[in-house]
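Heavy-atom basis, side chains included; hydrogens, waters and symmetry copies ignored.
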Amino acid sequence: MTTNRRPSPTTRGFTLIEVLVAIGAIGLLSLGIAQVFKATSDTVRTGRSLSRFNNYATIVERQLRDDFASMAPDSFIFIRNELARSGSNIPLSPNDQRPRQRRVDQMVFFRTGDFVSQRDPVHPELQARSGEAR
């Protein structure tokens, strides 16, 4: 004797299709949230990189301003450059696909002040001193 079981009106549950639709919806929702977090993370990373670059540029600018302010009024300035590590290509960033030779610049000028040579004197009484330095 076979019995056909019919769900009673009080039996509750989800069908297989309802469960699959719910899992798919949760998957799509989590994928969308992950993309938002990825975009936010990329924006923060770019902002931090730009901030570090601006801080470094500020330090260089401040040093240049201090150097120019201490130049002798009647002195001259020249800029000398050369290639760094001749023959080797240096990437600009870790992801740089086209590394190239880097140039090193040197700014030379005369400055006024009280200067003493850092070299060891030939004689203790003959320490090199000057009111100007390169």
Side-chain angles (χ1 to χ4, degrees):
M1 174 170 174
T2 61
T3 58
N4 286 338
R5 291 177 139 195
R6 293 180 120 202
S8 65
T10 59
T11 305
R12 296 203 171 146
F14 292 105
T15 64
L16 181 60
I17 298 208
E18 290 171 333
V19 170
L20 289 175
V21 168
I23 290 174
I26 290 172
L28 287 175
L29 187 61
S30 63
L31 188 64
I33 290 172
Q35 289 300 318
V36 168
F37 281 124
K38 181 182 181 302
T40 303
S41 173
D42 291 345
T43 302
V44 168
R45 186 180 312 112
T46 302
R48 286 182 180 162
S49 175
L50 186 60
S51 177
R52 281 192 299 269
F53 178 78
N54 284 338
N55 287 340
Y56 182 71
T58 300
I59 290 169
V60 170
E61 179 189 9
R62 190 173 298 135
Q63 182 65 49
L64 286 172
R65 286 182 186 274
D66 290 345
D67 288 345
F68 289 143
S70 64
M71 284 176 59
D74 57 346
S75 68
F76 58 92
I77 184 172
F78 68 93
I79 298 174
R80 177 180 169 261
N81 67 64
E82 63 185 53
L83 293 177
R85 297 187 204 164
S86 61
S88 65
N89 291 332
I90 301 169
L92 294 176
S93 69
N95 299 328
D96 190 6
Q97 300 298 320
R98 297 181 312 151
R100 61 188 169 104
Q101 284 190 319
R102 300 289 298 271
R103 194 175 89 177
V104 178
D105 293 340
Q106 179 184 25
M107 184 175 58
V108 181
F109 58 89
F110 285 92
R111 180 177 172 175
T112 57
D114 185 25
F115 301 100
V116 178
S117 176
Q118 295 294 316
R119 296 181 183 167
D120 292 331
V122 177
H123 189 274
E125 296 177 7
L126 297 176
Q127 182 72 29
R129 294 184 161 283
S130 176
E132 296 168 343
R134 182 178 79 154

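Applying the salt bridge (charged side-chain N to carboxylate O under 4.0 Å, His left out) test to pairs two or more places apart or on separate chains, none has a residue in residues 15-34. Residue pairs meeting the salt bridge (charged side-chain N to carboxylate O under 4.0 Å, His left out) criterion with at least one partner in residues 38-56, sequence neighbours excluded, are Lys38-Asp42, Asp42-Arg45.
Applying the under-4.5 Å side-chain rule to Ile, Leu, Val, Met, Phe, Trp and Tyr, the cluster around Leu31 consists of that residue alone. Side-chain contacts under 4.5 Å among hydrophobic residues (ILVMFWY), followed directly or transitively, place Leu20 together with Leu16.
Under a cut-off of 6.0 angstrom, the local environment of CD1 in Ile17 is sparse, with at most 12 non-hydrogen atoms contributed by other residues, nucleotides or ligands.
The backbone N or O of Ile26 sits less than 3.5 Å from a side-chain atom of Ser30, completing a donor-acceptor pair.
Taken from CG in Asn55 to CG in Leu50, the straight-line distance is 9.5 Å, to the nearest 0.5 Å. Separating the CD atom in Gln106 from the CZ atom in Phe78 is a distance of 7.0 Å, to the nearest 0.5 Å. Distance CD/Glu61 to CG/Asp66: 10.5 Å, rounded to 0.5 Å.
When hydrophobic clusters are built by joining Ile, Leu, Val, Met, Phe, Trp and Tyr residues whose side-chain heavy atoms come closer than 4.5 Å, directly or via intermediates, Leu64 is not grouped with Phe53. At a threshold of 4.5 Å between side-chain heavy atoms, the hydrophobic network of Ile, Leu, Val, Met, Phe, Trp and Tyr places Val60 and Ile77 in one connected group.
Qualifying side-chain contact (heavy atoms from CB on, under 4.5 Å) partners for Val36, counting only residues two or more places apart in sequence or in other chains: Thr40.
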Under 3.5 Å donor-acceptor pairs involving side-chain atoms of residues 113-124, not counting sequence neighbours:
{"unit_1": "Ser117", "atom_1": "OG", "unit_2": "Arg119", "atom_2": "N", "d": "3.2"}
{"unit_1": "His123", "atom_1": "ND1", "unit_2": "Glu125", "atom_2": "N", "d": "3.2"}

